[in-house]
Each structure stands twice: as C-alpha cells, then as structure tokens.
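The structure appears right after this line, and notes come after that.
What's counted below: heavy atoms across the whole structure, side chains too, no hydrogens, waters or symmetry copies.
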Amino acid sequence: MPIVSRNPSTGEIIKQFESYSDECVDKLLLKSYSAHKKLKKISFNKRAVCMMAVARILNTESEKLGKILTQEMGKTHTSAIAEIKKSALGAEHYAITAEDYMADDIIKTNALKSYRSYQPIGPILAVMPWNYPVWQVIRFAAPAIMAGNTVLLKHASNVTQCALYLEDIFKRAGFHDGVFQTLIIPSSKVERVLRNENVRAATLTGSEIAGSSVAAICGQEIKPTVLELGGSDAFIVMPSADLEKAAAVGTTARTQNNGQSCIAAKRFIVHAEVYEVFKEKLVRNFAALKIGDPMKPETDIGPLVNQSSLNEVEDQVKNALDCGAELLCGGKAIKGQGYFFQPGIIEKIPKSARIYSEEIFAPVAGLYEVNSIEEAIELANDSPFGLGSSIWTSELGEQKQAIDDIEAGATFVNAMTSSDPRLPFGGIKRSGYGRELAAEGLRAFCNVKTVSIHE
C-alpha cells in the first residue's frame, strides 16, 4: 500500500511513495552503523563545518522547503518559513556548542585522574510527527550527529517529501553517506527496525499510544528512549497580569500552527477578579483571526492536517457541549474544500467532558475560572499531562509558587511556552520522559563513561 502525501487545504493527493522493502531497510541500518563508526572518529571542527552548512542551506532554501511544509501539513507559509529559520539556528547552536557539551568532566577522587566521558552510542531511530516536520527533526538530529551518532528518520507518512528533502540537505552539507537516512516505511514496520541490532536507541515525538508502543519494544530490547508526547498546558492569568498582553500572547499560544502544537496553551485558568475582562479580550482576538489559504501572508489559520483530525475535534467540542459546557465563539468545521475549523473558546467545562482530561489538537481554548493561586495550580495539575505551563502575574510570590508547584517540564512566567535550543525541553507524567535540546539533548544518547586512571 503506497504512502500518501495529501494537501489538507484541498484534500487532493500531492504525491505517493512506495515503502522500502525489508531488504532495503536492513541495508540502510547496516550503512548507518558503518557511518557511525566513521563519524565518531571525525573531529568536532569538521562535523561543525558540515552542520553550519546544514544551517545555511535551511536559510537559503526556506521559501522552497516552506512551500512543501504548507502543502503537506497545512501550516501557514509564514509560520513554515519561521520554523525552518528556527531549525537553522538550532543547527548552528550545536555546531558551536557540541564540543563543550561533550567535554570530559574532571572529578577528584583517589585516582591519578578520573572523569566522566560522553561517548556516542550509534544509530538512533527517530519517529517524528507531522506538525513541526523540520524543527522536530533538526532539534534531535543536530545534537545526535554532532555527538557522533547517526540518524534514521521514520517521519510521519504525510510529510515524506519533507523527510527526503532533509536527507538531501545533510548530504549536500558534506556529511558522508549513511549519517542521515530517511526510512520510507509504514508504522507497522517500526518494531522490526527497533529490534534490529544495529539500532541502538530511539526517540519519538507523537501520540501517547505510539510512545508507549516504542517504549515497550525498546524496554524488551534494553535500548534507551526519549519520548515527547502530548500536552494540555495550563495558561494561568492572575489579577496583577497585563491582561491585554496576556490575551494577545494567549491567542498566539493557542492558535499557532493551526492549534496543532503539543505545547500550545490549551487550558486558560483565570482568576475570578479578571475573568470577565480577560474572556472578552480573548474572544475578541479569536474572532479577528483570518482563516483561509495558508500560502497567503494575511492568513492566520490554515486547515487541520486531515479529515480524521477534523472529525476528532468536532466530536470533542460536541461532547463538551453535551456535558454542559458553553461555546463562546467559533468551534465549528467550515464546510467546503479542505479541513478547516473555526478557532473556538469553551467555558464552564465539567470534569465529565472529554476535553477536561484529553488533549485537544486544534485551535480550541478551554476557559476556567478560579478564586486563588492555589486553586489555579491545583486545576493545572489535575491533568494526566505535564509538558509545559505558563503563568501571568507580577507578584513574585505567585511566580515562585507556580514554578515550585506546577507539575510540568517547563514553567514560563509572563510568556508563552516555547522551545529554545539553549534550554532543555521535555515533559513529565504522560507527556513523556527524557530531554531534548541544550546539553541534556546532546547527552541523551551518549554513553556516560566513567574513566579512572591509576598509577
């Protein structure tokens, strides 16, 4: 059965690809292991030259590659270009910092010399999602390759053109054959790859179900994993907040990438003193968003990725309303060509509603009213997820309380949750484990070797 790339703005098939045979995949895995043995002997300076070339190509070809992103998964062309340029910065960051991140840590003991050494472990399978088809790959691949590991990319099937483009970029940048390879295979073939002896570890960004499956298989094979899964991030607004700014940033935080982001602000938890004012501002901002052709620069919201996603969000909104929640604006599919959905805001959401505990992967915000910072944090933590969080307050005590008590991999104060190559990124609870980015992301797939030298 062919792997299909379909334009979510029109529903039309763009391109079809034949899956690689098992024999072809096995050859690629062996090539990856051979390339790793060669790569780890190459100096950091030479690796850095190639990685800087990756960054230059991404910047130079951002318009061309951005068009592919928009056609394959529906994000606005403006946001596609921004994603690619951010990816270039990520590649540059590791080209510059990898040698320092990998430097030996000297530890005083009774030995003549002792230290912690970071050494690459080999080929790593990356199972990556469609929502940020370049950034998600680069933020793993750049540190992995700079550390001396090789990359096997199993990208989401609907962004196969993007996956092949990235493979070509690494080749043109000067990395030798086998350092970065795309595997065009269905999800049903991932287990076979994970169990191959030449694959030493795996990382996955995606659904909880997919992450659980990959973790279970790697657990049986005693192979390390990093999982970045779903999120239902809290966006807390307290009375001392700049409400105009919080509403403006909150709109972006909920609707960026057409609402299809793990770290999007999904649950707006607002103090009763400012609830009505903040609600009015948020509704106004949502109503002003322009929905349409994602290639046009004036478009704020493009389509959802596919019909299945459109059906799912319709079901979640209907369920919430059936349970007694109230729809303040939007929240409906747009009839016609493509998978377009009006950004919506829902309030008075009971615990019985699915979206109280589920992630909603579309531009729909849940609005909750609370009476104290303690109640806000309790509600924020009443979720199976723990990816990111944001609190808006000028009170230092409330800031500290949120930082100390919110159960999440990150807390942003007076800013929306975002990823930055200089800071570690990841979640807790059912949002996954392990960290990407910063030194932690590079060392995630290293053998932390103890070295002790005696006379």
Side-chain angles (χ1 to χ4, degrees), residues 1-8 13-22 24-29 31-32 35 50-51 53-55 57-58 61-75 79-81 83-84 86-88 90-91 123-145 149-173 175 177-190 192-194 199 202-207 210 214 228 257 260 305-306 436:
M1 187 174 180
I3 289 173
V4 176
S5 177
R6 190 183 297 272
N7 187 335
I13 293 176
I14 303 169
K15 204 165 185 179
Q16 298 187 61
F17 303 85
E18 290 300 320
S19 300
Y20 292 170
S21 67
D22 289 349
C24 173
V25 170
D26 288 345
K27 288 180 180 178
L28 294 178
L29 302 189
K31 183 190 289 186
S32 185
C50 295
M51 193 59 71
V54 168
I57 295 171
L58 285 169
E61 301 179 12
S62 60
E63 287 277 348
K64 181 180 178 182
L65 180 54
K67 186 176 180 180
I68 294 174
L69 267 67
T70 298
Q71 289 178 336
E72 285 200 307
M73 59 71 58
K75 70 172 61 201
S79 64
I81 292 171
E83 176 184 338
I84 294 163
K86 179 177 181 176
S87 300
I124 303 165
L125 176 66
V127 182
M128 293 286 107
W130 49 263
N131 59 333
Y132 289 96
V134 175
W135 170 239
Q136 297 279 10
V137 175
I138 294 296
R139 76 185 196 185
F140 153 72
I145 290 171
N149 298 304
T150 48
V151 169
L152 294 156
L153 172 63
K154 192 290 180 209
H155 219 325
S157 296
N158 61 320
V159 290
T160 300
Q161 287 186 96
C162 178
L164 292 172
Y165 201 110
L166 286 170
E167 179 182 297
D168 185 58
I169 285 176
F170 277 83
K171 287 178 180 176
R172 285 189 282 140
F175 284 108
D177 197 26
V179 169
F180 184 110
Q181 298 177 104
T182 286
L183 304 180
I184 302 179
I185 57 173
S187 297
S188 59
K189 293 288 186 178
V190 168
R192 186 177 181 277
V193 175
L194 290 172
V199 175
T203 182
L204 177 142
T205 298
S207 71
V214 165
E228 196 268 279
N257 208 41
Q260 300 166 126
V305 67
N306 54 35
E436 296 178 300

Verdict with reasoning, Val214 to Thr203, per side-chain contact (heavy atoms from CB on, under 4.5 Å): CA-CA 9 Å; Val214 165; Thr203 182; over 6 Å; no

Thr182 side chain vs Ala163 backbone, donor-acceptor pair below 3.5 Å: yes

Hey, are the side chains of Leu164 and Gln161 touching, using non-hydrogen atoms and a 4.5 Å cut-off? no

Mark yes or no for whether Gln181, through its side chain, and Leu28, through its backbone, hold a donor-acceptor pair below 3.5 Å. yes

In Å and rounded to the nearest 0.5 Å, what is the OH to CD distance from Tyr132 to Gln260? 9.0 Å

Side chain to side chain, Ile145 and Val179, heavy atoms closer than 4.5 Å: yes

Can you find a side-chain donor-acceptor pair between Ser5 and Thr160 that sits under 3.5 Å? no

Do Arg192 and Asp26 sit within salt-bridge range, that is, some charged N less than 4.0 Å from a carboxylate O? yes

Between Val193 and Val199, does the side-chain contact (heavy atoms from CB on, under 4.5 Å) criterion hold? Intermediate values first, please. CA-CA 7 Å; Val193 175; Val199 175; 4.0 Å; yes

Rounded to the nearest 0.5 Å, the CD atom of Glu18 sits from the CD atom of Gln16 at a distance of 8.0 Å

Over all heavy atoms of both residues, which pair between Met51 and Ala91 is shortest? Give the atoms and the distance, please. CG-O, 3.3 Å

Cys162 and Leu166: side-chain contact (heavy atoms from CB on, under 4.5 Å), yes or no, with the steps? CA-CA 6 Å; Cys162 178; Leu166 286 170; 4.2 Å; yes

If you compare all heavy atoms of Glu436 against all heavy atoms of Phe140, which two are closest, and at what distance to 0.1 Å? OE2-CB, 4.3 Å

Do Trp130 and Gln136 have side-chain heavy atoms sitting under 4.5 Å apart? no

Is Val25 close to Lys189 at the side-chain level, that is, under 4.5 Å between some pair of heavy atoms? no

Is there side-chain contact between Val151 and Phe170, with at least one heavy-atom pair below 4.5 Å? no

How far apart are the C-alpha atoms of Gln71 and Arg6, what are their side-chain angles, what is the distance that settles it, and do they pass the side-chain contact (heavy atoms from CB on, under 4.5 Å) test? CA-CA 8 Å; Gln71 289 178 336; Arg6 190 183 297 272; over 6 Å; no

Using modelled atom types only, decide if a donor and an acceptor are shared between the side chain of Glu72 and the backbone of Asn7 within a distance under 3.5 Å. no

Closest heavy-atom contact between Ser19 and Pro186? OG-CD, 3.6 Å

Smallest heavy-atom separation, Ser87 atom then Ile138 atom, equals O-CG2, 3.4 Å

If I compare all heavy atoms of Leu125 with all of Lys154, which pair ends up nearest, and what's the gap? CD1-CB, 4.1 Å

Determine the minimum heavy-atom distance between Ser32 and Pro123, stating which atoms define it. OG-CB, 3.3 Å

A side-chain contact here means heavy atoms from C-beta on lying under 4.5 Å apart; do Leu183 and Leu29 qualify? yes

With rounding to the nearest 0.5 angstrom, report the CD1 to OG distance, Ile185 to Ser21. 11.5 Å

Side-chain contact, heavy-atom cut-off 4.5 Å: Phe180 with Leu153? yes

Is the side chain of Glu83 donor-acceptor paired with the backbone N or O of Trp135 at a distance under 3.5 Å, no angle test? yes

Does the side chain of Lys75 reach to within under 4.5 Å of the side chain of Leu69, using non-hydrogen atoms? yes

From Met73 CE over to Asn306 CG, what is the distance, rounded to the nearest 0.5 angstrom? 10.5 Å

Could you go step by step and tell me if Arg139 and Glu228 meet the salt bridge (Lys or Arg N to Asp or Glu O under 4.0 Å) rule? CA-CA 12 Å; Arg139 76 185 196 185; Glu228 196 268 279; 3.0 Å; yes

Using a strict threshold of under 4.0 Å (side-chain N to carboxylate O), is an ion pair present between Lys171 and Glu167? yes

Would the distance check show the side chain of His155 and the main-chain N or O of Val127 forming a donor-acceptor pair, the cut-off being under 3.5 Å? no

